[in-house]
Protein chains: 4
Amino acid sequence: MSEVGYEQMSIEGIAARAHVGKQTIYRWWRSKSAILAECVLEGLILPSQDVPEDTGDLREDLLGWLRRALQDLGDPANASLLRGLVSAAADDPDLAAVLYERLTGPQEATMAERLRRAEAGGEIDSTLTSTAVIEMLFGTIVYRILSRLDVGPELADGLIDTLLNGLRGDRRNS
Amino acid sequence: MSEVGYEQMSIEGIAARAHVGKQTIYRWWRSKSAILAECVLEGLILPSQDVPEDTGDLREDLLGWLRRALQDLGDPANASLLRGLVSAAADDPDLAAVLYERLTGPQEATMAERLRRAEAGGEIDSTLTSTAVIEMLFGTIVYRILSRLDVGPELADGLIDTLLNGLRGDRRNS
Amino acid sequence: MSEVGYEQMSIEGIAARAHVGKQTIYRWWRSKSAILAECVLEGLILPSQDVPEDTGDLREDLLGWLRRALQDLGDPANASLLRGLVSAAADDPDLAAVLYERLTGPQEATMAERLRRAEAGGEIDSTLTSTAVIEMLFGTIVYRILSRLDVGPELADGLIDTLLNGLRGDRRNS
Amino acid sequence: MSEVGYEQMSIEGIAARAHVGKQTIYRWWRSKSAILAECVLEGLILPSQDVPEDTGDLREDLLGWLRRALQDLGDPANASLLRGLVSAAADDPDLAAVLYERLTGPQEATMAERLRRAEAGGEIDSTLTSTAVIEMLFGTIVYRILSRLDVGPELADGLIDTLLNGLRGDRRNS
DNA sequence: AGATAATCGAGACGGTACGTCCGGTCTTCCC
DNA sequence: GGGAAGACCGGACGTACCGTCTCGATTATCT
């Protein structure tokens, strides 16, 4: 898929490359997107995602976490794979669910706990859910990748700053 | 496309429905996604986007603008069309550019001016570009639509709050 | 085979109907036509053939014998089975041999003896072998069945008359 | 078909050899046997059949005609083709009709006229139809070819003798 | 007004891939 | 330890579209 894109990737081609009969593929997966769904579940496509650390400094924790995610997607091959996944997910709700779970899920619990502790510690003061935070960050990244804009670790600062402080800037210490 | 999705939409089907020869289509467009690109440019698919008003209250202006956008995409047919466009754009950089321009462009100038005035008026204090702001908002929406999550005007408040104040909450008056 | 014809009859279908593993079939028969060959040998398909009686009247003996054969093949199911066998035999020399033996063989010895006695009795005066006689009769029948022409006992008279007297008519008493 | 037999002859193979798309074949013929039917009609498979001459001597006319037919079918390639046609016709009534018409038809009218004249001239004395005569001769030949028995011009004499005189021999001059 | 283009609908064409069926082999597991 | 069950590789089936290519039959323009 990273070579020719999702549309050009054929089941016959997969079978041929795998030296496998076409029927064997159809025996195990209902469609091309179902293959992708399993690849995603098995971690074969999307690089395994870290969860934010907890060093006590929320900003640094989020920055490091997001930078690593952006680092992976800076590789054109990975960006191409993600575009393929998005293309497939747009036509297959099942894959969409798997993809969403894979992207948003693992970080969710950790992020929720992290935010709760940050709130307790006075670092933040918000009712926004951890899911919404993750959706904003990943949404922005996916949007840029679909638009074929550059994606790199340097994006992390702007995103995290806005996320934490908003456009009104950091007035914590003012 | 809203009926069967992007993949199932065939050029032969388009020609047949239009009572037109296939060649006539190929005479005018290079590919299926090129047809979509022109549809987008002509405003036939994406509902025409408003730009934020300027009432003096940045928060209300953004809220109203975003709510209208979310209102449109709350319609499943429109969400389906957007998924089709994303699917097509994932495989066609040209369409991706057109789509990005269509989604991000019209609001950009107005938003830039709006932010500049807000900054001058002390409403905000940020270096984030207007483009980045739009990408964050639309990225989040597109991400939710691809994930088949509900999209409705009620999302606007959370997004705008976070965008303006950050997770640290509104300390404008503190 | 009588239901769907030879081509549509699959080994998988046979195995499934017999509640038997495919391998078990391949263990005992080399091919689809080999199964048919054994069916023929076991008398499961072609109704068992009589041999001509010997009442002293060659014409009546042959007539009765041929009428019984035609009677069987007048049943469309039997005609269909025969077409299936022919179709299979056309592709498999082994089955062709079995089928030929089954059709031509049993009658051959009796017919040879019958002709010999008829010749001795002055009933006939020919050097044609019994095999050739049988081939002419069965050949005509098979030809009509393949051509989907009607086959019934009434054909017997014409065939036997021609066989005995030829086109020049019965001049036995002239 | 003469190389691999009817069953092994695939439509894909035909298309490939003809440097033609598969769909083009399906556009013009409904099935493999329909292709054969047209080949037969066009005279591409069965060598064009003569009709009996009329030299005044019925026996010689029939002998010459039958010998030529047997000559053709003595070629193993032609015999193989005929077996393929029979195999196909066994599963396809339409092809069976075409094949029957091709084999039996052209000679029919001439044969009918020939027999009528022979009868008028006292050569024969029979009510057997020309069609039945042809069926007997061709049936015998087809039967032998299906059985993979030798077929050659030398068969003609026996068949014609039996046909004209019957097993009782030629008593015309006795 | 009549000749000359240009454009169109229709759809055949050589291809590629689809998803299914079956052939013949091999493996697992149960009785 | 033989057989049912069925997975496996392979390959043909008949269908749907792809993008290219001829065909007339309108139109539109230009002598």
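In what follows, chains are A, B, ... by sequence order, proteins preceding strands, each numbered from 1.
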Under a 4.0 Å heavy-atom criterion, the protein footprint on nucleotides 3-11 of chain F, written with B, S and -, is BSB-SBSB-
I need the minimum non-hydrogen distance between A/Arg102 and A/Leu46, along with the two atoms involved. NH2-O, 3.5 Å
Nearest whole angstrom, please: distance from the P of E/dG19 to the CD1 of A/Ile25. 11 Å
Report the distance from atom CD of D/Gln8 to atom P of F/dC13, rounded to the nearest whole Å. 11 Å
Grab the OH-P distance between D/Tyr26 and F/dA16 for me, whole Å please. 13 Å
What donor-acceptor contacts under 3.5 angstrom involve side-chain atoms of residues 77-94 of chain D, with partners at least two apart or in another chain?
| from | atom 1 | to | atom 2 | distance (Å) |
| --- | --- | --- | --- | --- |
| D/Asn78 | ND2 | D/Asp72 | O | 2.9 |
| D/Arg83 | NH1 | D/Ile145 | O | 3.0 |
| D/Ser87 | OG | C/Ser87 | O | 3.3 |
| D/Ser87 | OG | C/Ser87 | OG | 3.1 |
| D/Asp92 | OD1 | D/Asp94 | N | 2.8 |
| D/Asp92 | OD1 | D/Leu95 | N | 3.3 |
| D/Asp92 | OD2 | D/Ser33 | OG | 2.3 |

Using the C1' atoms of five pairs at each end, what's the angle between the two axes of the helix from E/dA1-F/dT31 to E/dC31-F/dG1, to 10 degrees? 10°
Please list every donor-acceptor pair under 3.5 Å in which a side-chain atom of residues 16-25 of chain B meets a protein atom from a residue at least two apart or in another chain.
| from | atom 1 | to | atom 2 | distance (Å) |
| --- | --- | --- | --- | --- |
| B/Arg17 | NH2 | B/Glu3 | OE1 | 2.7 |
| B/Lys22 | NZ | B/Glu12 | OE2 | 2.8 |

Looking at CD of C/Glu101 and CG of C/Leu41, how far apart are the two atoms once the value is rounded to the nearest 0.5 Å? 8.5 Å
Rounded to the Å, how far apart are A/Glu7 CD and F/dG19 P? 10 Å
Please report, rounded to the nearest Å, how far the C1' atom of F/dC13 is from the CD1 atom of D/Ile35. 13 Å
Rounded to whole Å, please give me the gap between CZ in D/Arg30 and P in F/dG14. 11 Å
Could I get the full list of side chain to side chain contact (heavy atoms under 4.5 Å, CB included) partners for D/Thr104, not counting sequence neighbours? C/Tyr143, D/Tyr100, D/Thr131, D/Ile134
Do A/Val142 and B/Val142 make a side-chain contact, defined as non-hydrogen atoms from C-beta onward lying under 4.5 Å apart? no
What's the spacing between D/Leu44 CG and D/Leu36 CG if we round to 0.5 Å? 10.5 Å
Tell me which pairs pass salt bridge (charged side-chain N to carboxylate O under 4.0 Å, His left out) where either residue lies in residues 28-46 of chain B, with sequence neighbours left out. none
Between P on F/dG19 and CD1 on B/Ile14, what's the gap in Å once rounded to a whole number? 11 Å
Heavy-atom closest pair, residues B/Ala96 and A/Leu146: CB-O, 3.6 Å
Of the options F/dG19, F/dC17, F/dT15, whose atoms approach the side-chain atoms of B/Ile11 most closely? F/dG19
